[in-house]
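Since this is a predicted model, take the numbers as computed values, not measurements. Order of the sequence lines sets the chain letters (A, B, ...), proteins ahead of strands, with each chain counted from 1.
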Amino acid sequence: MQDRVLEKTMEPALAVSDLNVEILGENGAFPVVSEMSLSVRPGETVCIVGESGCGKSMTALSLLRLLPDSARIASGSIRIHGEDFLAMGGRQVEDFRGDKIAMIFQEPLTALNPVLTIGEQIAESVRQHRKLGKREAFARAVKCLELVQMPDPARRARQYPHELSGGMRQRAMIALALACEPKIIIADEPTTALDVTVQAQILGLISDLQKRLGTAQVLITHDLGVVAEIADRVIVMYAGRRVEECSVYELFDNPIHPYTIGLMGAVPRAASHDGEAQTAPERLTDIPGTVPPLWDLPKGCAFAPRCPRASARCLEERPPFIEKTPGHFAACWEHDNVR
Amino acid sequence: MSDNLAASPLLSVENLKVHFAIRAGVFQRQVGEVKAVDGVSFSIGAGETLGLVGESGCGKSTTGLALMGLVKATDGRIAMQGAEDVTAMRSVPRAHRRRMQIIFQDPFSSLNPRQRIRDIIRAPLDIHGIGTTEERRAEVAKLISLVGLRPDQADNFPHQFSGGQRQRIGIARALALKPDIIVCDEPVSALDVSVQAQILNLLADLQRELGLSYLFISHDLGVVEHVSHRVAVMYLGRIVETGPKKAIFSKPLHPYSELLLRSAPSHDPHRRHQFSAVSDDIPSATKKPSGCAFHTRCPLATDICRRIEPQLEVKADGQFVACHHR
Ligand SMILES: Nc1ncnc2c1ncn2[C@@H]1O[C@H](COP(=O)(O)OP(=O)(O)OP(=O)(O)O)[C@@H](O)[C@H]1O
Ligand SMILES: Nc1ncnc2c1ncn2[C@@H]1O[C@H](COP(=O)(O)OP(=O)(O)O)[C@@H](O)[C@H]1O
Ligand code: SF4
Ligand code: SF4
Ligand SMILES: [Mg+2]
Ligand SMILES: [Mg+2]
């Protein structure tokens, strides 16, 4: 708890404010990420959770300025250790990427270069940022693989991505991201493609490494179970916007937003190993309908068509994202009426 | 539930094996063999759901496909109550096919993009020559509303539907022949949780209304616990533990079942796991370890485990475990 107080006084490693990202579609631009703000301190993990298409990956890519050509940052600011990342030129962005901020992707096989060995890729990335000889850089790569507890690191460094299992590939990608000891890591669904036993290992690895290296982390997932295991703070996204934000304990103990509450009711959970198995409820509390397309959002609250508590006002006006109780933010009209 | 079923289960599978040849080179010579399913036995009663859980590549889908006659069983017996043994037959008889249907993970790739959904759902009725044109039309309308789609959507094409709706179409098509049992192969894995819950609820409603049985294949422990009456845990082509859902989830006996449950996220930040970052030696189906296939990852493994494959034995009420040390 005391650590928490200390952290509060610390400068955020990453500070994003009022970020707006749009997609340049056939019929003009439409927003995919709207009014996104977040700040992450050293040693802190902020999870962004939401269903597919809500803009999680677009948020992640914009944090590294890796957006595809079809998308662009329309406005907002991204500060990395206080420096204005969006004002930087191409060369400086390249210098920052990998060195100060790095990304872990969901599918390591598509993110890794298939024609280079794991060791070569890590060494190459190191040499982009540090003045090291080839041999030194390769030795550093083996050290990185050791750090991520790759079994038999010296041998694996000489193997190609397709020669590794899914879990080992994800370890290799984490090693690649950590090669220059960046202080900020953005991980987009880093365990989604993995089997549950391997997911557990990778989650264990990610939190071990964070404790040792004190990185600031943004971890993106659609899985509330992963959130419960690893987050300090959580941002719930719906249709390109934040709808709720608070500490992970607060989120699970006192969720406010009807969407968050709906999601929690919709997840069937495996009982924990030590406890008595829960008797499965007859029905899950499903959320009717589906996520609306981003180019055709309803006028008021985007969740209104699916919300059990929607009122006339919700259909007309979008609720502001505001602090409802200390440290707990949400965008919902109904919550104000309840209090 | 399962007790009185034992006498005459709806479906019983004995010692099912599906081995695939591994071929390589210009002449496609056989260089090896994958024992995707290697001696699997289970039974399913009327109105019962058997959850089949295990990690990628352990043979869940192959088991389901073999039941449907969509891949050829190498050995074993598949019997439906009151029907002849179909395993050895070159083509599975229609009567058998009608009683068992399958729904897949990816509803899109299993629907013909150029067909209207009313035609997709009617196809099984046409193929099996059931009813008059008028009766078929009425039946399709009934199925469409049964799975929660709107009648006016009947003339639309698959691409006009969301993932969850496509899964409803797949379910309607599977129901057309009034099967007794549906093989559900990861039917909700591709869906968002909010939509996943809709489909799980629909499957539960249908089971209650129509008395259906399910073989429910999933890698998601939460989903399996939610839907199943009984559970079978599969590892590299074998069932290593099976029993009532409650027993498997509260006191699993096989070390692999324990590992699976220990690995599932807690959904409660107050009760986090201390996950170990250590990688274990995960084998593949093509290089199956000797003896107990789990011995490369098992904390309890001893010499006998490396030499002799343990058989399923009853260890507790209805709970069968294949392990030398449990
Ligand atoms: N037609 C085939 N030819 C050769 N090998 C196959 C074939 N189909 C499946 N296999 C192999 O059989 C094993 C079991 O595959 P299967 O698809 O049944 O696994 P699964 O448990 O359904 O996995 P997942 O959870 O990934 O769907 C795997 O090693 C797979 O590569
Ligand atoms: N390269 C792209 N070009 C155009 N639109 C895209 C691209 N990638 C994603 N989108 C769209 O942006 C929206 C948000 O996508 P994404 O950020 O990937 O969602 P999430 O990661 O939350 O599933 C979706 O509507 C998606 O279709
Ligand atoms: S603002 Fe209205 S529609 Fe939106 S989540 Fe709150 S109650 Fe529901
Ligand atoms: S038989 Fe041996 S290796 Fe296999 S699960 Fe039991 S103790 Fe472990
Ligand atoms: Mg994504
Ligand atoms: Mg499968």
Side-chain angles (χ1 to χ4, degrees), chain A residues 51-52 148-151 165-168 171 195-209 222-231 248-249 251-253 262-273 275-288 290-291 306, chain B residues 54-57 162-165 190-202 204-205 208 219-228 245-252 256 258-282 284 297:
Chain A
E51 294 180 285
S52 66
V148 299
Q149 303 190 33
M150 176 77 86
S165 70
M168 282 196 262
R171 281 176 200 266
D195 272 326
V196 62
T197 60
V198 183
Q199 162 167 289
Q201 293 167 13
I202 298 297
L203 290 177
L205 177 67
I206 289 174
S207 45
D208 281 3
L209 289 171
H222 68 278
D223 185 340
L224 281 167
V226 170
V227 172
E229 289 289 349
I230 206 158
V248 68
Y249 299 107
L251 190 81
F252 282 83
D253 295 345
L263 271 188
M264 288 182 171
V267 184
R269 290 150 208 201
S272 83
H273 172 55
E276 177 68 1
Q278 70 188 57
T279 37
E282 275 290 288
R283 291 177 67 86
L284 297 160
T285 55
D286 59 20
I287 305 176
T290 47
V291 180
R306 310 177 71 189
Chain B
E55 293 179 291
S56 188
S162 68
Q165 288 173 322
L191 305 176
D192 277 324
V193 272
S194 69
V195 178
Q196 167 179 302
Q198 296 168 9
I199 299 299
L200 292 178
N201 284 341
L202 173 64
D205 292 344
R208 214 174 24 252
H219 66 280
D220 184 323
L221 292 158
V223 169
V224 166
E225 180 177 19
H226 182 79
V227 303
S228 306
K245 179 240 313 259
K246 242 193 140 147
I248 302 284
F249 279 88
S250 61
K251 44 176 178 55
Y256 178 61
E258 287 180 341
L259 175 65
L260 275 184
L261 290 177
R262 238 189 296 126
S263 304
S266 69
H267 287 272
D268 178 358
H270 301 286
R271 294 176 41 183
R272 285 191 177 170
H273 292 78
Q274 294 293 326
F275 287 134
S276 161
V278 178
S279 161
D280 52 6
D281 183 9
I282 302 173
S284 73
R297 306 172 70 184

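The two residues Arg272(B) and Ala228(A) make their nearest non-hydrogen contact at NE-O, 2.7 Å. Between Pro265(B) and Val226(A) the shortest heavy-atom distance is CB-N, 4.1 Å. Minimum interatomic distance between Glu51(A) and Asp192(B) (heavy atoms only, all atoms of both residues): OE2-CB, 3.0 Å. Of all non-hydrogen atoms in Tyr249(A) and His270(B), the two that sit nearest each other are CD2-CE1, 3.4 Å. Heavy atoms only, all atoms of each residue included: Ala266(A) and Ser194(B) are closest at CB-CA, 4.2 Å. When every heavy atom of Asp195(A) is checked against every heavy atom of Glu55(B), the shortest pair comes out as CB-OE2, 3.0 Å.
A side-chain donor-acceptor contact under 3.5 Å links Gln198(B) to the backbone of Ile287(A). At least one donor-acceptor pair closer than 3.5 Å links the side chain of Glu229(A) to the backbone N or O of His273(B). With hydrogens and angles disregarded, no donor-acceptor distance shorter than 3.5 Å links the side chain of Asn201(B) to the backbone of Arg283(A).
Annotation: side chain of Ile282(B) is not in contact with side chain of Ser165(A) (no heavy-atom distance under 4.5 Å).
The residue among His222(A), Gln199(A), Arg171(A) with the most heavy atom pairs within less than 4.5 Å of chain B is Arg171(A). Chain B forms the most heavy-atom pairs under 4.5 Å with one residue out of Pro151(A), Gly204(A), Ala200(A), and that residue is Ala200(A). Top candidate by heavy-atom pairs under 4.5 Å with chain A, chosen from Val195(B), Leu259(B), Val278(B), is Val278(B). Listed options Ile248(B), Asp205(B), Ile199(B) were ranked by heavy-atom pairs under 4.5 angstrom with chain A; first place goes to Asp205(B).
In this structure, chain B has no heavy atom under 4.5 Å from any part of Leu251(A). Contacts of Val227(A) with chain B are made by backbone atoms alone, with heavy-atom separations under 4.5 Å and no side-chain atom involved. Within the 4.5 angstrom heavy-atom criterion, atoms from both the backbone and the side chain of Gln149(A) approach chain B. Proximity to chain A is limited to the side chain of Gln196(B), based on heavy atoms less than 4.5 angstrom apart.
A distance of 11.0 Å separates CG of Leu191(B) from OG1 of Thr290(A), quoted to the nearest 0.5 Å. Atom-to-atom distance recorded for Leu203(A):CG and Ser276(B):OG is 12.0 Å, nearest 0.5 angstrom. Once rounded to the nearest 0.5 Å, the distance linking CD1 of Ile230(A) with CZ of Phe275(B) reads 9.0 Å. With values rounded to the nearest 0.5 angstrom, Asp268(B) atom CG is found 7.5 Å from Asp253(A) atom CG.
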Could you give me the CA-CA distance, side-chain angles and deciding distance for His267(B) and Leu224(A), then say whether side-chain contact (heavy atoms from CB on, under 4.5 Å) is met?
CA-CA 7 Å; His267(B) 287 272; Leu224(A) 281 167; 4.3 Å; yes
